[in-house]
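No hydrogens, no waters, no symmetry mates; every other heavy atom, side chains included, goes into these values. Naming: A, B, ... by sequence-line order, numbering from 1 per chain. These figures come from a predicted structure and were not determined experimentally.
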There are 4 protein chains.
Amino acid sequence: MVEEHGRSGRPRSERARTAVLNAVDDLLVEVGYAALTMKGIAERAGVGRQTVYRWWSNKAEVLYEASAIDARKELSVPLSGDPARDFTAYLDALVKFLAHSDAGAAYRALVGEAQHDTAVAALLSSGDILGESATKVVEPALDASGSDLSVEQATALLVGPPFFHILSGRSVESIDTRRLAEEFTRVLVARRRQDRGATAGR
Amino acid sequence: MVEEHGRSGRPRSERARTAVLNAVDDLLVEVGYAALTMKGIAERAGVGRQTVYRWWSNKAEVLYEASAIDARKELSVPLSGDPARDFTAYLDALVKFLAHSDAGAAYRALVGEAQHDTAVAALLSSGDILGESATKVVEPALDASGSDLSVEQATALLVGPPFFHILSGRSVESIDTRRLAEEFTRVLVARRRQDRGATAGR
Amino acid sequence: MVEEHGRSGRPRSERARTAVLNAVDDLLVEVGYAALTMKGIAERAGVGRQTVYRWWSNKAEVLYEASAIDARKELSVPLSGDPARDFTAYLDALVKFLAHSDAGAAYRALVGEAQHDTAVAALLSSGDILGESATKVVEPALDASGSDLSVEQATALLVGPPFFHILSGRSVESIDTRRLAEEFTRVLVARRRQDRGATAGR
Amino acid sequence: MVEEHGRSGRPRSERARTAVLNAVDDLLVEVGYAALTMKGIAERAGVGRQTVYRWWSNKAEVLYEASAIDARKELSVPLSGDPARDFTAYLDALVKFLAHSDAGAAYRALVGEAQHDTAVAALLSSGDILGESATKVVEPALDASGSDLSVEQATALLVGPPFFHILSGRSVESIDTRRLAEEFTRVLVARRRQDRGATAGR
DNA sequence: TAGTAATCGAGACGGTACGTCTTGTCTTGGA
DNA sequence: TCCAAGACAAGACGTACCGTCTCGATTACTA
């Protein structure tokens, strides 16, 4: 990929860009999301404030760019071919991400902000980190199962319970990922067995 | 319970209290959570700022007190005795609450804030609105089903999918509450049929 | 003197009155005039705020009542009959009062406040502490000298120089009270010698 | 002197500076010193509060900068060479300044504040407006007279009486500047006549 | 090689919420 | 009627951050 920018003028400083992203990473851990400010980011990065505003319009955007790669990495699990095993592995990764990782804390903060800031909501929708990662695990099994659930519905069934558990402040220890994976598997399979019958009334 | 206040001194003004709660209700709808400020609340209520700070330590507390009653009311559904029907009714109420009501918008904002503010997290935990309302619907059916799921696990299975769907910004229309209720019912029942067998490997 | 008050009702509490005056005395020394507040006075005195406001309308009034007696005492010097000696004694007392005593600090603060608060100005005029004390020393000598200066003019000549010196922040050490007394004496005497002559042109 | 600012960064706005100084001038006349607030100054000047605080630490500093130039101008009198005439002219200017001018009201307020605020006291000492202006009139005559009074002592003798008169709230009309100038002249001269003699006892 | 133009760091700008403080008034129960 | 306690509406305090702006100083591409 060739280096290209709007024609002439000084090119964007890669040094400044990475300094900002690192500063956000550090500050999120040190002071938390609430105390994270554009001013603080710029000062920590040793960068002018205008430079931050030039490339990101608010702290959510910086944070998103700074944590999205880590998030995707942490939510990526190798597929074994055994659905139940893969679901369990994914749920383990998901719980670890949401409840214990820095990138997960950033993600939770962004989801929180998105509840009352449409710009942040759009940002999160543009790269649906949780949805994409879950889809990779769910889609193959869903196709094989013959279930009539949409991928979206299926991922919500898989991701929803632990997501709710953690975001609503319940204890992480009481999440039984193996059991959740089992129940999810059963839902997919059950659907196949009842092709003609139970859902006829709908 | 007798009206009692710390012995001497002017008693708390009920007029001021309700003015503040009403102001918060109004302002949330008018300007949104982000633009909701303690200063703005006080001014709208025609109340001194000190008076607001005296009884609530931040906007989350005021908002919680102002919306909790509405929230509980909106999430309360009469039980018919037919689990599947009750689950559907509850999920309908839940979706309507989370996605369309003012109290639900307040609740989502508070859940968001709780992700990076432990005080708000504690506040929400102190009166677990979603958990309590779901428990009323889930517990009777769970007891009758003989399933070994804990109430907490079961409510997460019921509430999690739509909760995730809405908070992660997916379209509300694609939520099929009847289908979710069905699957949830199946999970409870399935467990009973397999008392000896499927879960033995755990 | 008989205890009298407006007819019926609870009589004024002498305990509260002295507690307030003592509190003001203490607080002036401890925190200074700027940090002296009606609230602070009431709390320090263990008295309701309304009680303070009932009897004094602002901190200047309380301070005036609390320090006027001390002030008068500190500025009262016994007359010897020798004008120069009496003037020196008075000036010594004046300098000590203005520059070093607590009552003097209170007086200076009140004079300061009087520059932009007519209520305080009226309060100070009502009991002209400096004028009265100076008059006691100046008037006898003035009468004896036969000078045509008014008492007011003469006191200003005596009190003015050290008053200006201290209130304008000059070093107290450079005040030579003996010399000031001498010059003042000379002014009184000189006037007599020139009854016919120098002032004819006026 | 070259315009220099700390190297980089946006330079100080002269527009904001003069707007603040003008606002203070106006507000002092309109609302008085007591009701003069940093908030009010900023709003009147159409300037952010931070901008005011950035360059002046309290209202006294702003007021000092805003009125010092006027004060110096009002207290500057041309010298005729005739001491008595110059003293009278100076005293007239002084009385007019202290009792009737806006800059004088500001000065009196600052002197008042200085009685209980060491920062203001230091500010006034740093540019001794009254002392400097008086010195210009006193020093030449003092040198010529051969009196052993220090300049400081002599200025206190000249300035003190009207200063005391006005700041202690006495009527301005009863100040006889011609007479005060005469007496002051006499003090200087008297000293010369008694080089050997009267002061020997000291 | 000079000119053009967008970048960079720094930091002042107008604006506004923060949470605290004091003001002077009011409303209790008790003396 | 007074008193202590303390809540009330009002509004200034000094600080923090917002997003914009204006500097001088780089750093490329373009002519």
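Contact annotation: the side chain of D/Asp26 approaches that of D/Glu30 to within less than 4.5 Å [non-hydrogen atoms, C-beta and beyond]. Using a 4.5 Å heavy-atom cutoff, the side chains of B/Tyr33 and B/Arg108 are not in contact. Within the 4.5 Å cutoff, the side chain of C/Asp102 has no heavy atoms near those of the C/Asp25 side chain. Between D/Arg49 and D/Met38 there is no side-chain heavy-atom pair separated by less than 4.5 Å.
Look at A/Arg54 and you'll find a side-chain N or O under 4.0 angstrom from OP1 or OP2 of E/dC8. Residue A/Ser13 places no side-chain N or O under 4.0 Å from the OP1 or OP2 atom of E/dT7. At least one side-chain nitrogen or oxygen of A/Arg15 sits closer than 4.0 Å to the OP1 or OP2 atom of E/dG9. OP1 or OP2 of F/dC3 lies within a sub-4.0 Å distance of a side-chain N or O belonging to C/Trp55. Taking side-chain N and O atoms only, D/Ser8 has no distance below 4.0 Å to OP1 or OP2 of F/dC23. Taking 4.0 angstrom as the limit, D/Arg10 places none of its side-chain polar atoms (N or O) nearer than this to OP1 or OP2 of F/dC23.
Contacts of residues 28-40 of chain D with DNA chain F (heavy atom under 4.0 Å): D/Thr37, D/Met38, D/Lys39.
Remark: the D/Gln50 side chain and the F/dA16 base include a donor-acceptor N/O pair separated by less than 3.5 Å. Residue side chain C/Arg49 does not reach the base of F/dG6 through any donor-acceptor N/O pair under 3.5 Å, judged by distance alone.
If you take CH2 of A/Trp56 and P of F/dG19, they are 15 Å apart, rounded to a whole angstrom. What separates CZ of C/Arg17 from C1' of F/dC2 is a distance of 16 Å, to the nearest Å. We find that CD of C/Glu43 is positioned 10 Å from C1' of E/dT22, with the value rounded to whole Å. Between the C1' atom of E/dG11 and the CZ atom of D/Arg12 lies a distance of 14 Å, rounded to the nearest Å. The separation between D/Glu14 atom CD and E/dG14 atom C1' is 17 Å, rounded to whole Å. Rounded to whole Å, the distance from CD1 on C/Ile41 to C1' on E/dT23 is 13 Å.
Nearest heavy-atom pair across B/Val20 and B/Trp56 is CG1-CZ3, 3.6 Å.
Atom CD of A/Glu113 and atom CG of A/Asn58 lie 8.0 Å apart (nearest 0.5 Å).
The cationic group of D/Arg12 lies under 6.0 Å from the six-membered ring centre of D/Trp55 and within 45° of the ring axis, placing it in a cation-pi geometry.
Distance from the side chain of B/Tyr53 is smallest to E/dG19 among F/dC13, F/dT27, E/dG19.
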